[in-house]
Protein chains: 2
Amino acid sequence: MHKEHTLTKNQQIIFDLIDKSPEPMKAYSILFNVQKKGIKAPLQVYRALDKLVEIGKIHKIESRNAFIACHNSSCQVAKATAFSICEICEKVTEISSAGLSKYLANFKDKDGMKYSKYNLEFFGLCKKCRT
Amino acid sequence: MHKEHTLTKNQQIIFDLIDKSPEPMKAYSILFNVQKKGIKAPLQVYRALDKLVEIGKIHKIESRNAFIACHNSSCQVAKATAFSICEICEKVTEISSAGLSKYLANFKDKDGMKYSKYNLEFFGLCKKCRT
DNA sequence: TTACATAGTGTTATATTATAACAATTTAAA
DNA sequence: TTTAAATTGTTATAATATAACACTATGTAA
């Protein structure tokens, strides 16, 4: 479970928008959508995004420069993320697999180094697009 | 082993530069470095980068918007990549672990879907920066 | 060898993503 | 209450990436 943070006004507005979105949202699309709520500048969006990522309420899909809400309630470590991405429809799903996260959290490189933080993006075709 | 492709002039110039670099290179840094060789515009760089990524000669580090040469000669599937990234010095190393790639190539999500293509980025501190 | 398709090139302009710098305000803790 | 830390609002600008178009090279098949 996430540590509870009281979101500020801008953070709440932007989180709500991302949380309602069925797909990852890009920063300038977020900006466009919240302008009627008084958020006028890119920086206001990016600052809220940075904070929301930091506290684990949202994740950034690095290969897409887009953001989705975290729906992984068992996600202890907000910094360990895994997603599947459909290369046709661009649907993105957060993967919550105890096995996978355990494997990656325990993975050691050649030098015996372990990493608590990672981002994994799988690419393929979703059920719909495969048919 | 990579299928042999004859690189074009621009592709070769840009690959050589990235291949010699001890660290991932960003597109505009590449551009700056190859201007004396007659490559003048961003698009010339991006086109070569796209092709080099496509044929597996280089990889893109998504979280850094930077490119490194593939030094993983056993990398059958150029589309299955894993890196460790030092959060202090930004050193990036390609991970070649048969165990890891086997695990990820065989990973199935909830719906039983397997993914041949993935990108994994681990974050931590490298040996030097840990001390 | 010619003709054709495919891939690559060069160029200008522009779109998209993200941060710097600074002043003012709010919040939370000592 | 006072003080430090975080957040906000704002303008300007940096950094990353693609669109569109005309032209050129290369390989292949008739």
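Numbered from 1 within each chain, the chains take letters A, B, ... in sequence-line order.
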key: First encountered from the 5' end of DNA chain D, between A/I39 and B/R64   = A/I39

request  = Please name all residues satisfying ring-ring contact (aromatic ring centres under 6.0 Å, His included) with B/Y103, sequence neighbours left out, ordered by chain then number.
outcome  = A/Y103

key: 5' precedence on DNA chain C between A/L43 and A/K26 (nearest-nucleotide basis)   = A/K26

inquiry  = Pairing donors with acceptors under 3.5 angstrom, does anything connect the side chains of B/Q35 and B/N33?
reply    = no

ask   = Using a cut-off of less than 4.0 Å, is there contact between a side-chain N or O of A/K51 and OP1 or OP2 of D/dA6?
value = no

Rounded interatomic separation in angstrom, taking CG from B/N10 and P from C/dA7 = 17 Å

task = Could you check how far CD of A/Q44 sits from P of D/dT10, rounded to whole Å?
result = 6 Å

key: Spacing of B/Q11 atom CD relative to D/dT26 atom C1', expressed in whole Å   = 13 Å

task = When you get a sec, tell me which of D/dT8, D/dA17, D/dA20 is the closest nucleotide to the side chain of B/R47?
result = D/dA20

ask   = Among C/dA18, C/dG8, D/dT10, which nucleotide sits nearest the side chain of A/N65?
value = C/dA18

ask   = In whole angstroms, how far is the C1' atom of D/dT18 from the NZ atom of B/K60?
value = 12 Å

Atom-pair distance (CD on B/Q12; C1' on C/dT9), nearest Å = 17 Å

request  = Name the closest nucleotide to the A/A41 side chain, picking from C/dG8, C/dA18, D/dT11.
outcome  = D/dT11

key: Heavy-atom pair with the smallest gap, counting every atom of B/H59 and B/F83   = CB-CZ, 3.5 Å

key: Atom pair distance, as rounded to whole Å: OH in A/Y46 and P in C/dA20   = 13 Å

request  = Look at the side-chain N and O atoms of A/K40 and state whether any lies under 4.0 Å from the OP1 or OP2 oxygen of D/dG9.
outcome  = no

task = Nearest whole angstrom, please: distance from the C1' of C/dT17 to the CG of A/D50.
result = 13 Å

query = From the list C/dG8, D/dA17, D/dT8, which nucleotide is the closest neighbour of the side chain of A/T8?
reply = D/dT8

ask   = Just how far, in rounded Å, is P of D/dT7 from CD of A/E54?
value = 8 Å

For B/A66 against B/P24, the heavy-atom pair lying closest together = CB-CB, 3.6 Å

task = Could you check B/Y28 against B/A48 and say which one's nearest nucleotide on DNA chain C is further toward the 5' end?
result = B/A48

query = What is the minimum heavy-atom distance between A/C86 and A/L125, and which atoms define it?
reply = SG-CA, 4.0 Å

